[in-house]
Amino acid sequence: MTNFSLNLKSKEQIYNIYIDDFSLDGFKSKLLEEIKCKKVLAVISEKVNKLYGDRIFPLNEKIVYKYILPDGEKHKNFKNYQKILNFALKNGFTRKDCILAIGGGVVGDLAGFVAATYMRGIDLIQVPTTLLACVDSSVGGKTAIDTDFGKNLVGAFYQPKSVIIDVNFLRTLDDKQFKTGLGEVVKYAFIEKSCGCVEYENLINYLHENFEKIMQRDIKVLKRVVEICVALKISVVEKDEKETDLRRVLNFGHTLGHAIEKFTKYKKYTHGEAIVQGMIFAFELAHKLGMIDVNYKFAAMDLISKFEFRPVKMPKMKKLVELMKMDKKATVDEIFFVLPKDYGQVQICSFTPQELL
Ligand code: GLY
């Protein structure tokens, strides 16, 4: 088992992130080891509950209240946030109890936001079951719900007590879910050197060399991929928890990606597909601005095309710029882009809407 710790020095807060291809007993005993309270609110994805609920629960002597959340981004909303809060209140949960989030990014973000706000904060354990949640959303403490005005516009930075990643969950992910997670994995390859890790893997090469095994869901290789991405994310979050500076590198491909998702009402493309298009755009733009040479641009396009992400039909730039102006990171007259500057390295650049047009 790989055991990383995320150390937020500013808050004197440390938590563990366990990554393994656990045996069933091993997974359950790790879970029980991490749950320090008697009473647990398990927010679990409907699909995960169907596939694994009987194997995970009951949790020995723990008193578990299960809240089953239907799958899909549309459920990460205020209504479900309120429903879970009411469920916890009705069942007498106190600040000494805890919340267990078992599922993908929707479950993790929503249950995390409940945990952040329920009685001003209740312990949270993240158990991500999708590739995207393993490599990104379960680590680093971003919690949120979506609103009519956009994704993740209401939320809190709230770190979990621990994250337990069992890569075996990835075996039963549908292809669409798996691919969207791969979009985030490819992102890490392009930002690797900017994450400030002392050692790095050369994820671009690793993904090329292990492409077939990744697509066959070879568990050892997937575990390694998750480990590399999580190590990079930890390195970034430890240095900039609240995204004042360095953490913005994690948004490579996201400024445009979020605008595409919003333009198509989160229905047409997956998050992974949208951010891959955002990365392609970033490479084009950086090349046009003379920030990268053509070799790097082609190498990047080569890696992206290998994974055969579904191509995105680019909406009109004027519309996208309007949407990008609403990005959480944008100011009145600046839109921020993370652009590549060298192999595995990126830099934050700002443009006025006019410049982009
Ligand atoms: N998903 C980007 C971040 O955690 O900052």
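Remember, it's 1-based here, ligands and their atoms both numbered in the order they're listed.
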- Task: For atom 5 (O) of ligand 1, grab the closest protein heavy atom and report residue, atom and distance to one decimal in Å.
- Result: Arg247 NE, 2.8 Å
- Note on the structure: ligand 1 to Lys142, heavy atom cutoff 4.0 Å, flagged ligand atoms 2 (C), 3 (C), 4 (O), 5 (O)
- Item | Which atom of Lys239 lies closest to which atom of Cys195, heavy atoms considered | NZ-O, 4.0 Å
- atom 4 (O) of ligand 1: nearest protein contact (heavy atom, Å): Lys233 NZ, 2.5 Å
- Could you say whether the N/O atoms of Asn251 and ligand 1 ever approach to under 3.5 Å? no
- Query: Is a salt bridge present between Asp146 and Lys76, judged by a nitrogen-to-oxygen distance below 4.0 Å?
  - Reply: yes
- Under a 4.5 Å cut-off applied to non-hydrogen side-chain atoms, are Val127 and Asp166 in contact? no
- Counting from 1 in the order shown, the ligand 1 atoms closer than 4.0 Å to a non-hydrogen atom of Asp136 are 1 (N), 2 (C), 4 (O)
- Message: Does Lys30 qualify as a cation-pi partner of Tyr18, given the criterion of NZ or CZ under 6.0 Å from the six-membered ring centre and within 45 degrees of its axis?
- Response: yes
- So among Glu34, Gln126, Glu33, which one has a side-chain hydrogen bond (donor to acceptor under 3.5 Å, both in side chains) with Ser162? Glu34
